[in-house]
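Mind having a look at this structure? Questions to follow.
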Amino acid sequence: MARVGFIGLGNMGGGMAANLAKNGHDVHAFDLSEEALARARQAGCLPVADAAAAADGAEAIITMLPAGRHVAGVYTDAVFPHAAPGAVLIDCSTIDVATARQLASDAAAKGLEAVDAPVSGGIAAANGGTLTFMVGGSDAGFRRAQPFLEDMGKAVIHAGASGAGQAVKMCNNLILAGTMIATCEGFALAEKLGLDPQVFYDISSKATGQSWSMTSYCPLPGVGPESPADRDYQGGFAAALMLKDLRLAMAAAAEAGATLPLGTRATELYEAFATEHDNLDFSAIIKTAQGKA
Ligand code: NAD
């Protein structure tokens, strides 16, 4: 069991740090929020005074922060100056590919191994230790990070070189946004055409309209397996986070010279939706298709 520095104990990081402690690690945890620190203490972590103290003497330093600028700030101010030689740096936040690559090369220049390891799965998966990690970095970095990630998730997959974890995450969520909006529009039109939504679901879920958005996360209440739609779109994956991921994908597309007309439109739709409903689950975008947003 190892000493782990964990920085960022929010909705996701709180549960992840708790799972590391449950698996016997000595977790030195830091967040700017006192409440988050108190929850970490209850979960068996040792709250520390600042990010530098979390990094000091740790075998692995894990960050779970809102965005690239937070990760870059914490790495520059605390992680790089305080990481022990041989420590592995694991950023699980969802951030832009360019920052992830820059941090990995800055780490390498200091003789440290850094990987990007964003997650698939929401707060329930973070609490339950069932996240999927997509990891970008060298073979050596992946091998060093793997045991820590396995203690917080059900699947740990090496996606490729630095930045590849973030690239997979944003391409996956670009597809997810598209299939969700298409599924919502299908249900909205079915309703207007007088179809019974259950009958439409029974047919389309076995035909070519099928997707994860339909059969695992149906955006219409009362149809398909239980999903956030059945809880008034509370919990789940917030529309604001989907918008964040779409913006990352569109920025990466612009940089790479890729043209994504559907991604552009999906971003516009989530931008309009999230101005009023940022906390609702992203499947609530069905309200836009129904003209009820
Ligand atoms: P959150 O806002 O709940 O948590 C972020 C935490 O970081 C907060 O507690 C905040 O106080 C802390 N923080 C910010 N700056 C800090 C600093 N300089 N030092 C220490 N702590 C600092 O966010 P979250 O929902 O836990 O998401 C974290 C990351 O995971 C994001 O990048 C997000 O895109 C990604 N993600 C979230 C979900 C989800 O369902 N919530 C799913 C997949 C990925």
Side-chain angles (χ1 to χ4, degrees), residues 1-10 12-31 36-37 39-41 43-65 70-93 95 100-119 126 129 131-159 161-166:
M1 293 304 113
R3 175 144 155 201
V4 179
F6 204 111
I7 303 162
L9 308 163
M12 298 292 288
M16 292 162 69
N19 282 321
L20 287 169
K22 208 184 287 172
N23 281 302
H25 296 292
D26 177 18
V27 183
H28 291 210
F30 177 68
D31 194 290
L37 286 171
R39 273 196 306 273
R41 183 191 298 282
C45 303
L46 178 73
V48 294
D50 51 31
D56 267 331
E59 250 178 68
I61 303 168
I62 303 176
T63 39
M64 192 52 165
L65 295 163
H70 305 90
V71 181
V74 165
Y75 269 49
T76 306
D77 298 343
V79 174
F80 287 145
H82 288 266
V88 60
L89 317 182
I90 308 171
D91 179 37
C92 296
S93 329
I95 70 168
R101 287 184 178 151
Q102 184 63 50
L103 293 175
S105 87
D106 292 351
K110 293 173 193 324
L112 296 162
E113 198 76 63
V115 298
D116 49 293
V119 307
L131 292 166
T132 293
F133 292 91
M134 36 211 118
V135 186
S138 67
D139 287 341
F142 176 75
R143 277 196 302 276
R144 299 273 314 286
Q146 194 174 18
F148 298 100
L149 298 175
E150 279 172 352
D151 282 340
M152 300 184 285
K154 66 170 173 27
V156 181
I157 303 158
H158 193 185
S162 294
Q166 299 294 351

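Just so it is clear, the values below take in all heavy atoms, side chains as well, and ignore hydrogens, waters and symmetry mates.
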>> For a quick test of reading the model, state the closest non-hydrogen atom pair linking Val119 to Met134 and the distance between them.
In response: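 Shortest heavy-atom separation between Val119 and Met134 comes out as C-CE, 3.8 Å.
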
> Does the pair Asp26 and Val4 meet the rule for a side-chain contact (heavy atoms from CB on, under 4.5 Å), with working shown?
Replying inline: CA-CA 6 Å; Asp26 177 18; Val4 179; over 6 Å; no

> In Å and rounded to the nearest 0.5 Å, what is the CG to CG distance from Asp31 to Leu65?
Replying inline: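 One gets 8.0 Å once the value is rounded to the nearest 0.5 Å.
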
>> Are the side chains of Met16 and Cys92 in contact, using a 4.5 Å heavy-atom criterion?
In response: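 Answer yes - side chains close enough.
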
> Are the side chains of Leu37 and Val48 in touch, meaning some heavy atoms are under 4.5 Å apart?
Replying inline: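 Counting from C-beta outward, Leu37 and Val48 never come under 4.5 Å.
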
>> Between Asp151 and Asn19, is there a side-chain heavy-atom distance shorter than 4.5 Å?
In response: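 Asn19 vs Asp151: side chains apart.
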
> Within a strict 4.5 Å, meaning less than it, do heavy atoms of the Phe80 and Leu89 side chains meet?
Replying inline: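 Counting from C-beta outward, Phe80 and Leu89 do come under 4.5 Å.
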
>> So, using side chain to side chain contact (heavy atoms under 4.5 Å, CB included) as the criterion, who are the partners of Ala2 when residues are at least two apart?
In response: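 His25, Glu59, Phe148.
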
>> Which residues pass the ring-ring contact (aromatic ring centres under 6.0 Å, His included) test with His158, not counting sequence neighbours?
In response: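 Counting only residues at least two positions away or on another chain, His158 forms a ring-ring contact (aromatic ring centres under 6.0 Å, His included) with Phe142.
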
>> As a quick check of understanding, evaluate side-chain contact (heavy atoms from CB on, under 4.5 Å) for Ile157 and Phe133, giving each step before the final call.
In response: CA-CA 6 Å; Ile157 303 158; Phe133 292 91; over 6 Å; no

> For Arg101, which residues count as a salt bridge (charged side-chain N to carboxylate O under 4.0 Å, His left out) partner, sequence neighbours excluded?
Replying inline: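 Once residues adjacent in sequence are excluded, Arg101 has no partner under the salt bridge (charged side-chain N to carboxylate O under 4.0 Å, His left out) criterion.
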
> So which heavy atom on Ala104 is nearest to which on Ser162, and how close?
Replying inline: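 The answer is CB-OG, 3.3 Å.
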
>> Is any side-chain heavy atom of Val79 closer than 4.5 Å to one of Val74?
In response: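 The answer is yes; the side chains approach within 4.5 Å.
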
>> Using modelled atom types and a 3.5 Å cut-off, is there a donor and acceptor pairing between side-chain atoms of Arg144 and backbone atoms of Asp139?
In response: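 Such a contact is absent between Arg144 side chain and Asp139 backbone.
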
> Between Leu46 and Val27, is any pair of side-chain heavy atoms under 4.5 Å apart?
Replying inline: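 They are not in side-chain contact.
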
>> If you define the side chain from C-beta out and look only at heavy atoms, does anything of Ile61 sit under 4.5 Å from Ile7?
In response: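 The answer is yes; the side chains approach within 4.5 Å.
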
>> For a quick test of reading the model, state the closest non-hydrogen atom pair linking Leu131 to Met12 and the distance between them.
In response: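 Shortest heavy-atom separation between Leu131 and Met12 comes out as CD2-CE, 3.8 Å.
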
> Are the side chain of Arg3 and the backbone of Asp56 linked by a donor-acceptor contact shorter than 3.5 Å?
Replying inline: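 Side chain of Arg3 to backbone of Asp56, a donor-acceptor pair under 3.5 Å: yes, one is there.
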
>> Between Met64 and Phe6, does the side-chain contact (heavy atoms from CB on, under 4.5 Å) criterion hold? Intermediate values first, please.
In response: CA-CA 8 Å; Met64 192 52 165; Phe6 204 111; 3.9 Å; yes

> Are Ser138 and Glu113 close enough, and set up right, to give a side-chain contact (heavy atoms from CB on, under 4.5 Å), and what steps lead you there?
Replying inline: CA-CA 8 Å; Ser138 67; Glu113 198 76 63; 2.7 Å; yes

> Nearest heavy-atom pair of Leu112 and Ala84: which atoms, and what distance?
Replying inline: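 For Leu112 and Ala84, the tightest heavy-atom pair comes out as CD2-O, 3.5 Å.
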
> Between NE2 of His82 and CG of Asp77, what distance do you get to the nearest 0.5 Å?
Replying inline: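 Between His82 NE2 and Asp77 CG, I get 9.5 Å after rounding to 0.5 Å.
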
> Considering only heavy atoms from C-beta outward, does the side chain of Asp91 approach that of Tyr75 to under 4.5 Å?
Replying inline: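 Yes, at least one pair of side-chain atoms sits under 4.5 Å.
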
> If you take all heavy atoms of Gly163 and Ala100, which pair is closest and at what distance?
Replying inline: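 Shortest heavy-atom contact: CA-CB, 4.3 Å.
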
> Between Ile90 and Ala117, which heavy-atom pair has the shortest distance, and what is it?
Replying inline: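 Heavy-atom minimum between the residues: CG2-CB, 3.9 Å.
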
